[in-house]
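Notes follow once the structure below has been shown.
Because the structure is predicted, anything quoted here is derived from the model rather than measured. Keep in mind that the numbers below use all heavy atoms, side chains included, and drop hydrogens, waters and symmetry copies.
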Amino acid sequence: MSRFGIFKALAALAALFSMQSTASAEDKLKLAIGNRGVWETSISELGQDTGIFKKHGLTLELLYTQGTGETQQAVISGAVDIGISVGTFGALGGYSKGAPIRVIGATMTGGNDLQWYVLASSPIKSMKDTAGKTVAYSTAGSSTQQTVLAFAKHFDVDLKPVATGGPPSTFTQVVSGQIDVGWCVLPFGIDAVDQGKIRFIAKASDIPHFRDQTIRVIMANADALKSRRDVFVRYMQGYRDTLDWLYKDPAAIPAFAKWANVSEAVAKRVRDDLSPKEDLNPDRLSGLDGLQSDAVTFKYMATPLSKEQLAELFQIPFK
């Protein structure tokens, strides 16, 4: 081969490697994320903004939803690859009915961030006072629906669960008198409490066995996961790295405050006082036996999943 031919071959080889590198750097994942503005749901967007996912060769396309029902449907249909902050009941129920879904991480264990509130002028003081009253949850299969059903059972009260969508639309319905008890996930609602507009009356962790249950998860479309497993592995690596950044880097508080449109004081309170890092550990799956039992009790599924089914559905930790 002539010297020119060698140079030409080397140039072609270099171009091929460059194309492969560019393709890897441009791997895309589509995400549906419940309830924008929440500490738990900030990870993907803030991680992308700070360049963490780029280091893992990923570009994320983000779609925000009003909760589990919308998020899970987007994953099942294949419109997105991953759903963030999906109620574990929804995952169990969907899989038991044959939905092509897998769980590759956790987003919340415990539930201190889920709060229920009333107008400051309301006579309702606690969940024990909600007999015959309308009590909000987001969408079907969500951790908020799971909690409202558990409130009714735990406090032995005949309340009326109502789907109201996300925190902003729920707040409007409470203020307008359409709903007696609203729901929110912090930091939403903190300013309204401080201003004397509403009062918090209950939180998810008031249900004793919820305190150690993984109530929200990261859901993947099973077909996409099978065909692009390496891309999903890199996403979870970026997710862990971003979570570390949120709790270590002083720049995380102003970044979250700007993203969520709250003060830095509120952002710091949400992180340091209300959201222990271990509660957001994506590799933690806790309280599965209790979750299955409750899912059957509340008719999300007819019978508990087998050991083999659980192993297929819950692939945590996913590395």
Side-chain angles (χ1 to χ4, degrees), residues 30-46 60-77 79-80 82-91 94 107-108 111-119 133-151 159-193 195 197-204 215-219 256-262 266-267 270 274-275 280:
K30 296 180 180 180
L31 276 63
I33 306 174
N35 299 308
R36 191 184 190 281
V38 178
W39 183 254
E40 169 193 350
T41 63
S42 71
I43 295 172
S44 295
E45 187 163 350
L46 293 185
L60 307 180
E61 296 183 8
L62 308 179
L63 166 70
Y64 287 95
T65 74
Q66 295 193 76
T68 289
E70 293 180 11
T71 304
Q72 182 164 308
Q73 187 54 47
V75 176
I76 291 172
S77 70
V80 300
I82 291 175
I84 301 294
S85 193
V86 176
T88 311
F89 275 10
T107 64
M108 178 57 67
N112 282 325
D113 61 336
L114 286 181
Q115 299 273 348
W116 276 258
Y117 63 89
V118 295
L119 291 176
K133 304 297 184 182
T134 50
V135 179
Y137 66 89
S138 61
T139 59
S142 65
S143 58
T144 54
Q145 185 185 36
Q146 171 186 349
T147 304
V148 170
L149 294 174
F151 280 148
L159 53 79
K160 297 178 180 179
V162 179
T164 57
S169 63
T170 300
F171 185 79
T172 299
Q173 292 171 69
V174 172
V175 171
S176 63
Q178 300 173 66
I179 294 292
D180 297 307
V181 181
W183 81 275
C184 68
V185 57
L186 303 177
F188 192 95
I190 290 178
D191 287 342
V193 168
Q195 294 165 9
K197 296 179 180 178
I198 62 173
R199 288 183 285 107
F200 289 140
I201 64 166
K203 56 184 179 296
I215 61 173
R216 294 189 293 277
V217 296
I218 300 172
M219 178 183 288
F256 175 79
K258 181 179 179 181
W259 177 79
N261 194 29
V262 297
V266 167
V270 168
L274 302 170
S275 305
L280 280 73

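- Remark: Thr71 pairs with Thr65 by the side-chain hydrogen bond (donor to acceptor under 3.5 Å, both in side chains) rule, at least two apart or across chains.
- Ile215 places a side-chain heavy atom less than 4.5 Å from the side chain of Leu114.
- Checked by atom type and distance alone, the side chain of Thr41 never pairs as donor or acceptor with a backbone atom of Ile33 at under 3.5 Å.
- For the salt bridge (Lys or Arg N to Asp or Glu O under 4.0 Å) test, residues two or more places apart in sequence or in another chain that qualify with Lys203 are Asp206.
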Test side chain to side chain contact (heavy atoms under 4.5 Å, CB included) on Val217 and Thr88 and set out the steps.
CA-CA 6 Å; Val217 296; Thr88 311; 3.6 Å; yes
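- With a 4.5 Å cut-off on side-chain heavy atoms, Val148 and Trp116 count as touching.
- Qualifying side-chain hydrogen bond (donor to acceptor under 3.5 Å, both in side chains) partners for Ser42, counting only residues two or more places apart in sequence or in other chains: none.
- Remark: Ser169 pairs with Gln66, Gln173 by the side-chain contact (heavy atoms from CB on, under 4.5 Å) rule, at least two apart or across chains.
- Between Ser77 and Ala74, the closest heavy-atom pair is OG-O, 3.1 Å.
- Taking each heavy atom of Pro187 and Val262 in turn, the nearest pair found is CG-CG1, 4.1 Å.
- Here the closest heavy-atom approach between residue Ala257 and residue Ala267 is recorded as CB-CB, 4.0 Å.
- The two residues Gly67 and Asn35 come nearest to each other via the heavy atoms CA-ND2, 4.3 Å.
- Using a distance-only test at 3.5 Å, with no hydrogens or angles considered, a donor-acceptor pair links the side chain of Gln145 to the main chain of Gly141.
- Between the CG atom of Leu31 and the CG atom of Leu62 there is a distance of 6.0 Å, given to the nearest 0.5 Å.
- With Ser44 as reference, Leu60 is the one residue of Leu60, Ile218, Ile82 to meet the side chain to side chain contact (heavy atoms under 4.5 Å, CB included) rule.
- Between Thr107 and Ser85 the shortest heavy-atom distance is OG1-CA, 3.6 Å.
- In this structure, Thr139 and Thr68 approach most closely via the heavy-atom pair OG1-N, 3.1 Å.
- Aromatic ring orientation, Tyr117 versus Phe200: perpendicular (interplanar angle above 60°, classes split at 30° and 60°).
- Every residue two or more places apart in sequence or in another chain that forms a side-chain contact (heavy atoms from CB on, under 4.5 Å) with Ala136 is listed here: Thr164, Thr170, Ile179, Trp183.
- Listed by chain and number, the residues in a side-chain hydrogen bond (donor to acceptor under 3.5 Å, both in side chains) with Gln178 are Ser176 (sequence neighbours excluded).
- For Lys197, the side-chain hydrogen bond (donor to acceptor under 3.5 Å, both in side chains) partners are Gln195, not counting sequence neighbours.
- Among pairs with a residue in residues 31-41, those fulfilling salt bridge (charged side-chain N to carboxylate O under 4.0 Å, His left out) read Arg36-Glu45, Glu40-Arg216, at least two apart in sequence or across chains.
- Checking side-chain atoms of Thr134 against main-chain N and O of Asp180 turns up a donor-acceptor pair under 3.5 Å.
- For the pair Arg199/Val118, a side-chain contact is recorded, criterion being any heavy-atom separation below 4.5 Å from C-beta on.
- Checked against ring pair (Phe, Tyr, Trp, His ring centres under 6.0 Å), Phe256 has the following partners two or more places apart in sequence or in another chain: Trp39, Trp259.
- With hydrogens and angles disregarded, a donor-acceptor distance shorter than 3.5 Å links the side chain of Gln72 to the backbone of Gly90.
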